[in-house]
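Down below is the structure, laid out as structure tokens.
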Amino acid sequence: MTERVFHRPWFRQSLVVLAILVLLSPVFAWAAEAVNYAEPLEHAAAVTGAASAASTILPGLFPDYSIPGLGPWVGTLVAGLVGTAVTLALGVAIGRFLTQ
Amino acid sequence: MHIPDGFLGVPEAVVIAGVSVLVLGVAARRAEGAIERGAGPVVGVVAAGVFAAQMLNWPIPGGTSAHFVGGALIAILLGPHLGALAMASVVATQAFLFGDGGVLALGANVFNMAIVDVYVAYFVYRVLRPYNESVAVFGAGWLGITAAALAAGIELGLSQAFAYDLVTTVTIMGGGHLILGLIEGAITILVFRAVVATRPDVFQERVRSGVSG
């Protein structure tokens, strides 16, 4: 099944598109940092005084899309690759599980 | 859009998580058996694409920024039930692997982005599609993310951390994403057009009826 999928042109093209998106992620991360990226959620927290209430119960294996020991560019890139691969696998698993 | 831990009270987070589990359970039952064999890779590619796209934060100088959420795209490509499950897998991956969104707040984040965004977007798409498909796709992206933000605004406004300031949280979350959602709608229609051009069979009635559930 896996081998057949990899031979399908649309799947290979999709992997190329995913790779391009991941390769772009460090650039967008740098640009977001440069403009002091803030979402409406952060604005709402600042206005209501809730910002200090944010806590971390589980930082995750790769906190804030970074890899310990790697710089921000390579770290974001590797984190993006890992996350994309994991969600790809989870999506395939969901699809297969629901067809059985 | 990803709520961290500490912003919601524990009882509120637990209740919303319970609702999310119930809705996803129903979604799984509705999607089960309605998917064609071999649809797994399509689900995987769409989920991975949404994850990768969510990493691209829009750098808007001097203003409020956001990132693509993809609820409408995933709903239109996979159907609402399978779309909700796929989006939930993305949100869970973000929380557990990257700490993007709290684990206690995971139920709320799933509710906002995988349930409200996906089902509202799909509803908008289905209502508008008979009139104009492009408007339907754009509207789904725009209103789906706005609805998700409103849901988050209500949840936050009902929490002690936000001083129960419901008006402020709903205004900032809803108003902010009502504007930023225009970008979501534009990206949704661009990607939709690209997918239709490269993988038209996804939208053939045979596959649509199977995958959309």
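Just so we're clear, the structure is a prediction, and the values are computed from it rather than from any experiment. Lettering follows sequence order; numbering is per chain, from 1.
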Could you tell me which non-hydrogen atom of [X] sits nearest to which non-hydrogen atom of [Y], and how far apart they are?
{"X": "A/Leu21", "Y": "B/Ala52", "result": "CB-CB, 3.8 Å"}
{"X": "A/Thr87", "Y": "B/Ala48", "result": "OG1-CA, 3.3 Å"}
{"X": "A/Ser25", "Y": "B/Leu56", "result": "CA-CD2, 3.5 Å"}

> For A/Ala31, is it the side chain, the backbone, both or neither that has a heavy atom under 4.5 Å from a heavy atom of chain B?
Replying inline: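 Backbone plus side chain of A/Ala31, per the 4.5 Å heavy-atom cut-off to chain B.
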> Given a strict heavy-atom distance threshold of 4.5 Å, which part of A/Ala51 is in contact with chain B: side chain, backbone, both, or neither?
Replying inline: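 The answer is the backbone of A/Ala51.
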>> How long is the straight-line distance from CD of A/Glu33 back to CG of B/Asn57, given to the nearest 0.5 Å?
In response: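 Output value for this atom pair is 10.0 Å.
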> Could you state the interatomic distance from CE (B/Met173) to CG (A/Leu41), rounded to the nearest 0.5 Å?
Replying inline: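 Spacing of CE (B/Met173) from CG (A/Leu41) equals 5.0 Å.
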> Of all the residues in residues 73-81 of chain A, which have a heavy atom that comes within less than 4.5 Å of a heavy atom in chain B?
Replying inline: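 Residues in range: A/Thr76, A/Ala79, A/Gly80.
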Distance-only check: which donor-acceptor pairs under 3.5 Å involve side-chain atoms of residues 150-161 of chain B, not counting sequence neighbours?
{"residue": "B/Glu155", "atom": "OE1", "partner": "B/Asn112", "partner atom": "ND2", "Å": "3.0"}
{"residue": "B/Ser159", "atom": "OG", "partner": "B/Phe7", "partner atom": "O", "Å": "2.9"}
{"residue": "B/Ser159", "atom": "OG", "partner": "B/Leu156", "partner atom": "O", "Å": "2.7"}

>> Run B/Val43 and A/Val92 through side-chain contact (heavy atoms from CB on, under 4.5 Å) and show every step you take.
In response: CA-CA 6 Å; B/Val43 181; A/Val92 171; over 6 Å; no
> Can you name the residues that form a side-chain contact (heavy atoms from CB on, under 4.5 Å) with B/Val103, not counting sequence neighbours?
Replying inline: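 Partners of B/Val103 by the side-chain contact (heavy atoms from CB on, under 4.5 Å) criterion, ordered by chain and then number, come out as A/Ile57, A/Leu58, B/Asp5, B/Phe96.
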> For B/Leu85 and A/Leu98, what are the C-alpha separation, side-chain angles and deciding distance, and is it a side-chain contact (heavy atoms from CB on, under 4.5 Å)?
Replying inline: CA-CA 11 Å; B/Leu85 294 167; A/Leu98 293 175; 3.6 Å; yes
> Among B/Phe162, B/Phe51, B/Phe98, who wins on heavy-atom pairs under 4.5 Å with chain A?
Replying inline: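 Looking at each of B/Phe162, B/Phe51, B/Phe98 in turn, B/Phe98 comes out on top.
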> Does CZ belonging to B/Arg29 count more than 12 external heavy atoms closer than 6.0 Å?
Replying inline: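 No, not enclosed.
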>> Taking side chain to side chain donor-acceptor pair (under 3.5 Å) as the cut-off, I'd like each qualifying pair that reaches into residues 83-106 of chain B, sequence neighbours left out, listed once.
In response: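 Output for this query lists A/Tyr65-B/Asp100, B/His2-B/Gln94, B/Gln54-B/Gln94.
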> Among A/Pro26, A/Ser66, A/Pro59, which residue forms the greatest number of heavy-atom pairs with chain B at distances under 4.5 Å?
Replying inline: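 Result: the option with the highest number of such pairs is A/Pro59.
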